[in-house]
Every structure is written in C-alpha cells, then in structure tokens.
Amino acid sequence: MKDKLRNKINEIVETDFEKALAESSIGQLDEYGNKLRVNNFAYSLRELTRHILERLAPDNSVRNAVWYKVADPSKPTMITRAQRIRYAIQKGLSDDYLETLGFEADEVIKDLKSEIDNLSKYTHVNESSFGCTDEIVEKTVKAITAAFTGFVDKIKLCKNQLELDIEHSVDEEIIKKLFFDTLNDVDWLATHYEVMEYSIDSIRLTDFDNTGCCFQVEGTIHVRLQYGSDGDMKRDNGFEIYKSFPFSTSVTSTFENGKMVYDTELNELDIDTDSYWE
C-alpha cells in the first residue's frame, strides 16, 4: 500500500523539495519502533499536500476561475482546500462543460478533502493517536491512497477528455494546412508534390490554465513526389516516388465562459524529411 501511495504522489510532485518531502513523509511509516510514526506521517503528508495544491492552484488563478465564489464573506481573500483541489483538476473550465466531457469532480474533491482532514486528527498527539496499531496505520494509508488515486486520476481524465474533445477541430485545421497551404519542407524535395493522406498519431495536452490550453500534435503524412513536369510524366521522362514523413505542430484553443472555443490556432507544421536522404 505504501508503494502505491508513493507512486501516485510521485505522479504530481515536481520540485526537489516536494520529492524529498514525499519520500520522507512515507518513510515515517517504516519507523516501527517510533510510537509517533503515524503522527509524523500525517503531519508531513498534510504539509506536502498543502505545497502541492498551492503550486497546482495558485491564489490568483483560483480567484479568476469562472466557477470561483467567495466561500466565507468574512474572509473574502480565503481560498478553501476544496477550491484548490477543483482548480487542480479542471482549471478554468466550468462544471457544466465538464459534464459534456462525461464526468464531474465533486466526489473526488470531497474524498481528498475528507482524507486530508482525517490526517489532521493524527497531527495532535493524544492517547488515541499515540502508538497506533498496525491495523490503524494500514487503514489510514489505504484511505489516503484511495483519495490521492482518485485525485491524480481525475487530473489525467480531464486532460484526456480535452484531448479527445479537441481532436475533430485539430483534424479540420490540419486538413487546411496540408491540402491548401504550401508545405515548404516538402515542396523543395521535388518538382511537384501531392499529399495523399495523413494520420494523427497523438494529441497531448501540454499547457492548461484559466485562459485556454495548448496541445502538441504528432502525426504522419504520406506524399507523392514527382520529378519532372506532367508532360515529362506522359512522355516517360519523369518519375515519381511515394514517401511518408512524420510531422509535429502545436495547437492552441481558448476558453470562453468556462468552455473550450473551437477556433483553434494551428502553428506551423514541422515536417521531418530526414528519411528522404536515407
């Protein structure tokens, strides 16, 4: 169970400090002779979670999210833990838009917040939390592992659904680029060229915040390279070959009222023609 927790936490820690704190937090559980091992684990893991959430959900970003509301009018600048968890998962996307992607984050937010609150119980040393049995340790680790698993997986799911949601729009933009624009990387290889077909191999979300998102697109184009004019080809004085080249590009899409706008902007295609010379 400790290894599963470690693996899930390692998927979202980034800084050297976070990585070191994560390892030290889980390492506390191995101090079997220390009656404070659960207390130390709970305190350090709770602090690690605070650091992770503050990085994933900075104050100004949370406040600018379309779904953000002041939770306590007497503390107008306060950002709740639940709000940070929500931002980490869905950034500036609205709850309604998430539903169109096929999921909602409320249950995961509730679970993670609840388990972090449970950790707080062990940060205060008293008779009930001092020298916990192995059964309590296992139960605590199992619960926090499940909460972290749900949290990390929801972040992934949101990204995956955005990638699927943008795919059709990207497809249209690539068609325009491949079939209506001159591909300089290919054009100079032959007298004439023709794009026969293409495939998108992957669409990966690389940037995601309140204003929009950016995707890295990888694919392959299949072209016919013609040497000589059409007249040369008819007189058998020309020839043609067929080649496939990988390409990559980035795509940006903006958010409007918490929804992704499909006027995607496709940046220049980078076509790798190295194989032509092999």
Side-chain angles (χ1 to χ4, degrees), residues 11-12 14 52-71 79-113 149-181 198-221 246-270:
E11 290 185 44
I12 53 173
E14 285 190 4
I52 290 173
L53 289 177
E54 287 179 354
R55 173 176 54 78
L56 293 177
D59 290 3
N60 287 338
S61 297
V62 176
R63 293 192 187 100
N64 288 327
V66 66
W67 46 260
Y68 174 76
K69 294 179 181 178
V70 174
I79 295 175
T80 67
R81 184 182 296 133
Q83 288 170 335
R84 290 196 194 278
I85 297 170
R86 182 178 298 280
Y87 185 85
I89 294 172
Q90 68 191 70
K91 303 296 191 294
L93 294 175
S94 68
D95 294 339
D96 289 342
Y97 182 71
L98 279 192
E99 288 184 9
T100 69
L101 297 182
F103 74 99
E104 52 83 26
D106 287 346
E107 196 64 32
V108 171
I109 293 169
K110 178 182 176 182
D111 288 346
L112 184 58
K113 180 181 177 298
T149 296
F151 174 56
V152 175
D153 289 349
K154 272 297 183 186
I155 292 176
K156 288 181 181 178
L157 180 58
C158 189
K159 290 182 176 181
N160 291 342
Q161 291 300 110
L162 283 174
E163 290 165 0
L164 290 174
D165 211 32
I166 195 80
E167 188 167 349
H168 178 68
S169 184
V170 170
D171 212 31
E172 290 182 341
E173 292 301 310
I174 288 180
I175 288 174
K176 293 177 186 176
K177 205 78 167 178
L178 291 179
F179 293 96
F180 298 102
D181 291 352
Y198 75 96
S199 61
I200 296 176
D201 302 324
S202 69
I203 298 177
R204 182 170 54 87
L205 183 65
T206 57
D207 196 18
F208 181 21
D209 58 22
N210 273 326
T211 61
C213 47
C214 183
F215 302 84
Q216 182 68 25
V217 181
E218 309 288 339
T220 305
I221 62 168
F247 72 84
S248 63
T249 187
S250 59
V251 181
T252 56
S253 184
T254 57
F255 295 154
E256 188 175 291
N257 297 322
K259 298 180 180 180
M260 187 157 60
V261 180
Y262 292 102
D263 56 345
T264 54
E265 180 181 342
L266 185 71
N267 295 317
E268 193 66 32
L269 286 176
D270 181 14

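Numbers here simply count residues along the sequence, with the first being 1.
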Heavy-atom pair with the smallest gap, counting every atom of R81 and L53: CG-CD1, 4.0 Å
Contact between C214 and F208 at the side-chain level, heavy atoms closer than 4.5 Å - yes or no? no
Go through S253 and I166 one step at a time and tell me if the side chain to side chain contact (heavy atoms under 4.5 Å, CB included) criterion holds. CA-CA 8 Å; S253 184; I166 195 80; 3.8 Å; yes
For a 4.5 angstrom cut-off between non-hydrogen side-chain atoms, does E218 reach P246? no
Would you indicate whether the side-chain heavy atoms of F103 and V108 approach each other to under 4.5 Å? no
Residue list, side-chain hydrogen bond (donor to acceptor under 3.5 Å, both in side chains) with D153, at least two apart or on another chain: K8
Basic-acidic side-chain contact under 4.0 Å: R55, E14: yes
Minimum side-chain heavy-atom gap E11-I155 below 4.5 Å: no
Does the side chain of S94 come under 3.5 Å of the side chain of N257 through a donor N or O and an acceptor N or O? no
Are the side chains of L162 and L93 in touch, meaning some heavy atoms are under 4.5 Å apart? yes
For K259, all residues meeting salt bridge (charged side-chain N to carboxylate O under 4.0 Å, His left out), sequence neighbours excluded: none
Quick one: do D201 and T220 satisfy side chain to side chain contact (heavy atoms under 4.5 Å, CB included)? Show the steps, please. CA-CA 7 Å; D201 302 324; T220 305; 3.0 Å; yes
Locate the shortest heavy-atom distance separating C158 from Q90; write the atom from each residue and the value. SG-CA, 4.1 Å
List for me each residue that meets side-chain hydrogen bond (donor to acceptor under 3.5 Å, both in side chains) alongside D270, sequence neighbours excluded, and say none if there are none. none
Output the distance between atom CZ (R86) and atom CD1 (I109), rounded to the nearest 0.5 Å. 3.5 Å
Tell me, do F179 and Y198 make a side-chain contact under 4.5 Å, heavy atoms counted? yes
So, for N210 and G92, which heavy atoms are closest and what is the spacing to 0.1 Å? OD1-CA, 3.1 Å
Is it true that the side chains of Y87 and D209 contain a donor and an acceptor less than 3.5 Å apart? no
L98 side chain reached by E104 side chain, heavy atoms, under 4.5 Å: no
Any side-chain heavy atom of R84 within less than 4.5 Å of one from D59? yes
Derivation and outcome, side chain to side chain contact (heavy atoms under 4.5 Å, CB included), residues V251 and N267: CA-CA 6 Å; V251 181; N267 295 317; over 6 Å; no
Hey, could you give me the CD1/CD1 distance between I221 and I174, rounded to the nearest 0.5 Å? 10.5 Å
Can you list the residues that meet the side chain to side chain contact (heavy atoms under 4.5 Å, CB included) rule with L269, with sequence neighbours excluded? K177, L178, L183, F247, T249, I271
Sequence neighbours excluded, which residues qualify as side-chain hydrogen bond (donor to acceptor under 3.5 Å, both in side chains) partners of T80? Q83
What distance do Q161 atom CD and Y97 atom OH have between them, rounded to the nearest 0.5 Å? 9.5 Å
Enumerate, atom names and distances included, each donor-acceptor pair closer than 3.5 Å involving a side-chain atom of residues 60-69, sequence neighbours excluded.
from, atom 1, to, atom 2, distance (Å)
R63, NH2, T77, O, 2.7
N64, ND2, N60, O, 3.0
W67, NE1, K91, O, 2.9

